[in-house]
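By convention in this document, chain letters (A, B, ...) are assigned in the order of the sequence lines, proteins followed by strands, and residues within each chain are numbered from 1. As a basis for the values below, the full set of heavy atoms in this structure was taken, side chains included, without hydrogen atoms, waters or symmetry mates.
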There are 2 protein chains.
Amino acid sequence: MTIKDVAKHCGVSVSTVSRVLNGRPDVRQDVRDRVLRAVEELGYMPNSSARDLVSRQSDAIGVVVRGTGNLFFSAILKTVAAEIDRRGYTMVMRFIDPLDDEIRAGAMLEREKKLRGLLFLGGRFDYSPAQLSPVRVPYVLVSYTNVFGTLDEQSYSSVSIDDYRTAYRAVETLIRRGHRRIAAVVSSSCDRSVSELRTRGYCQALADNGIAFDPALLEETGGDFSMPGTYEGVRRVLSRAQDFTAVFTLSDTTGIAALKALEDAGKRVPQDVSVIAIDGIEVSAYVSPVLTTMVQPAEEMGRESVRILADMLEKRAGAQHLRLEAGLREGGSVKSL
Amino acid sequence: MTIKDVAKHCGVSVSTVSRVLNGRPDVRQDVRDRVLRAVEELGYMPNSSARDLVSRQSDAIGVVVRGTGNLFFSAILKTVAAEIDRRGYTMVMRFIDPLDDEIRAGAMLEREKKLRGLLFLGGRFDYSPAQLSPVRVPYVLVSYTNVFGTLDEQSYSSVSIDDYRTAYRAVETLIRRGHRRIAAVVSSSCDRSVSELRTRGYCQALADNGIAFDPALLEETGGDFSMPGTYEGVRRVLSRAQDFTAVFTLSDTTGIAALKALEDAGKRVPQDVSVIAIDGIEVSAYVSPVLTTMVQPAEEMGRESVRILADMLEKRAGAQHLRLEAGLREGGSVKSL
DNA sequence: ATTTGACGACCTCCGCCGGAC
DNA sequence: TGTCCGGCGGAGGTCGTCAAA
């Protein structure tokens, strides 16, 4: 089933079929309809190798997902996949460990699969231009930015929420409701990444409201956003301090782990301790109490990431940095004191 | 930089360069060396699109995921992705709606991307050979089988648990602990798919233990394994009957939705009503109470699916049907009466 | 007998030219 | 003169075939 068969089937030339398929204007409407009907009937699919061959580039977009257990990435991913398909590109995915180097993985993927562009779902925030030099195709940082790094803003794109401000707002929400002893369970306060940025938001919200930072209330789990790590982290905070009235965590899944740890330790949520998180995935609306959380617009994030990359690939626009707004979802895990 | 440049650079024909590059024997040693040196000097890389064009096959394995919100599939997917990479293949994914036709999607993907093989994550159980005829490459049904269909067992592979028996064991677990009024919230009892099979397991477990089937206790939500659908389903069962002591659901996420619906209706789990499910994803171990569930071996399922497909592609073995065992994870959502 | 060259086919897109109305 | 369509050749790498050295 080639373009020749289609041409033969409806009695036109190969050139005409090609013109129709590529939406060019110089074909009469009735001929156009006849060709499209033949394509439908025969189930013709253009040979993508031949198409790539003439266009001298592939249609592959690489997606490097760092942190396989991250349910928020799963939510983004399905929109990204649909949007990549819709625009006629091919998605090539690679899952890597949260501790692995996503730039290396991306650069390898680029060479192996001759990528047109790359999306990075999760990664470090502190790259220098030299570190990114192995990546030679346009790329978009999805759900994070390069605030700690020295990349030229014109050289890459990003789509994310303002992590600092979102964490700030989450903690501020707790403070407005009367909380002053607020614990935070993070993966690290100095990893030059999302965890550090959100920890800073936490600290600044405390400072702006005249609350002294207490190191005993900051727990660093060390790893990624793991549920067992956070569960143990909450237990350690409890062993150091019993007087905190709220816990801030980095993600919904770790928020759910925190709920569990508190409950297992005999603390009721929200009567004894409140919990707030960031993400807004579906399952956190079905735990008890419903997790109060800052919702990231996952679908918009996925859709816009692909749009921006496509704009760059098709030269409609240069680098863009899209900062999306997170919104508070009121659950039942925060109590007003 | 094409093969022509290489040929010109060392004074041989294009055919000869091609012969050298493809390791064919009929080239003199000194000519071979001259060509290889030229390739090295010029940094020549064959154009993979042109190569694909003639070989008419790529190294791509298609993965059609039916049901984007299914967290169990997310768990399988990361193992599948890693295993496909490890074996040197390329993964091409497509997410489709639970109501869409995965065979059509797979066949389109096969032609678009020139797939070597296909993995189907989720789908119908009742295909006929004619329906599968558009799929011309080897494929593996992952997490389901063709029990309701008429496919030749030699023509395809599958990796799954025994859905009927696993549901049977889940319900039997409830019965052994004294439950006799057991509700089931399923998506459909006659969809010729996983839901029907598990519903049959539920019915048979009741029958084998002398418990009459009560239609009022069987709720069909109609759609897929959605959380809001299940939440509403549980509410409808509650409006019909108040005397059941346990609920069986098809998946962990719907189990979590059931926990929520019961709690919101003033029922305590497990004191008033027990809940049991099938899947064993991470988050269900962190809800309260911990969900009691039949754990599917997600990693093994993903790994073995790719292994079986690779065996078929590389002619090491024919079709295989692997039935894995699910194990009971004791949580806190089932009470002994 | 062994090695090498030349060529067409595979498939699509695109630019260009020419013919038809 | 303008619109529509056909046809040709080139781009790219592989591979079989045939001819030539």
Side-chain angles (χ1 to χ4, degrees), chain A residues 1-39 42-60 87-90 111-116 313-315, chain B residues 1-40 42-60 90 108 110-116 136:
Chain A
M1 183 50 48
T2 74
I3 198 171
K4 282 185 190 170
D5 300 312
V6 178
K8 205 171 295 176
H9 187 264
C10 55
V12 298
S13 74
V14 169
S15 305
T16 303
V17 178
S18 178
R19 276 189 269 256
V20 172
L21 262 37
N22 292 284
R24 296 224 308 239
D26 52 347
V27 182
R28 233 187 313 140
Q29 191 56 44
D30 60 323
V31 178
R32 186 183 300 277
D33 291 341
R34 217 163 69 226
V35 170
L36 291 175
R37 204 165 50 241
V39 166
L42 298 173
Y44 164 75
M45 285 287 189
N47 181 319
S48 61
S49 303
R51 191 171 255 178
D52 289 348
L53 184 55
V54 67
S55 65
R56 304 177 65 79
Q57 56 192 358
S58 82
D59 60 353
R87 291 175 179 268
Y89 292 99
T90 298
R111 281 183 301 176
E112 282 172 34
K113 315 294 184 191
K114 291 220 175 5
L115 303 180
R116 293 282 309 278
L313 297 181
E314 295 156 20
K315 305 287 180 224
Chain B
M1 182 51 49
T2 75
I3 197 171
K4 284 183 188 170
D5 300 314
V6 178
K8 205 172 295 177
H9 188 263
C10 54
V12 298
S13 75
V14 169
S15 304
T16 303
V17 177
S18 178
R19 277 190 265 258
V20 171
L21 261 36
N22 291 283
R24 296 227 305 245
D26 52 347
V27 182
R28 235 187 315 145
Q29 191 57 46
D30 59 323
V31 177
R32 186 184 300 276
D33 291 342
R34 218 163 67 227
V35 170
L36 290 175
R37 204 165 50 241
V39 166
E40 191 67 30
L42 299 172
Y44 166 74
M45 290 280 274
N47 181 320
S48 62
S49 302
R51 195 170 251 178
D52 287 348
L53 181 56
V54 63
S55 70
R56 304 177 65 82
Q57 69 174 12
S58 67
D59 60 351
T90 298
M108 283 177 58
E110 176 188 332
R111 281 184 300 179
E112 280 174 35
K113 315 294 183 192
K114 291 213 176 28
L115 302 181
R116 295 283 308 276
R136 284 182 249 263

Can you name the closest pair of heavy atoms from A:Asp5 and A:Thr2 and give their distance? OD2-N, 2.7 Å

Locate the shortest heavy-atom distance separating A:Val14 from A:Lys4; write the atom from each residue and the value. CG2-CG, 3.9 Å

Which of the following nucleotides, C:dC7, D:dC8, C:dT12, is nearest to the side chain of A:Thr2? C:dT12

Selected nucleotide, minimal atom distance to B:Thr16 side chain, candidates C:dC13, D:dT14, C:dT4: C:dT4

Mind checking what makes side-chain contact (heavy atoms from CB on, under 4.5 Å) contact with A:Lys8, not counting sequence neighbours? none

My understanding is that only residues two or more places apart in sequence, or in another chain, count here; which of them pass side-chain contact (heavy atoms from CB on, under 4.5 Å) with B:Asp33? B:Gln29

Measure from NZ on A:Lys8 to P on C:dC11 and round the result to the nearest Å. 11 Å

Gap between atoms CG and P, on A:Asn47 and C:dC10 respectively (whole Å): 12 Å

For [X], give me all partners under side-chain hydrogen bond (donor to acceptor under 3.5 Å, both in side chains), at least two apart in sequence or on another chain.
{"X": "A:Thr90", "value": "A:Asp59, B:Lys113"}
{"X": "A:Ser18", "value": "A:Asn22"}
{"X": "B:Glu40", "value": "none"}
{"X": "A:Arg37", "value": "none"}

Contact class for A:Val14 vs. all strands (heavy atom < 4.0 Å): base, sugar-phosphate, or nothing? nothing

In short, salt bridge (charged side-chain N to carboxylate O under 4.0 Å, His left out) pairs touching residues 15-29 of chain B with sequence neighbours left out are B:Arg28-B:Asp30

Report yes if a donor N or O on one partner sits less than 3.5 Å from an acceptor N or O on the other, where the partners are the side chain of A:Ser15 and the base of D:dG7; otherwise report no. yes

Ignoring backbone atoms, test whether [X] places a side-chain nitrogen or oxygen under 4.0 Å from the OP1 or OP2 oxygen of [N].
{"X": "A:Tyr44", "N": "C:dT12", "result": "yes"}
{"X": "B:Lys4", "N": "D:dA11", "result": "yes"}
{"X": "B:Ser13", "N": "C:dA6", "result": "no"}

Between the two end axes of the helix from C:dT2-D:dA21 to C:dC21-D:dG2, each built from 5 base pairs, what angle do you get to the nearest 10°? 60°

Contacts to DNA chain D from residues 19-30 of chain B, heavy-atom cutoff under 4.0 Å, which residues? B:Asn22, B:Arg24

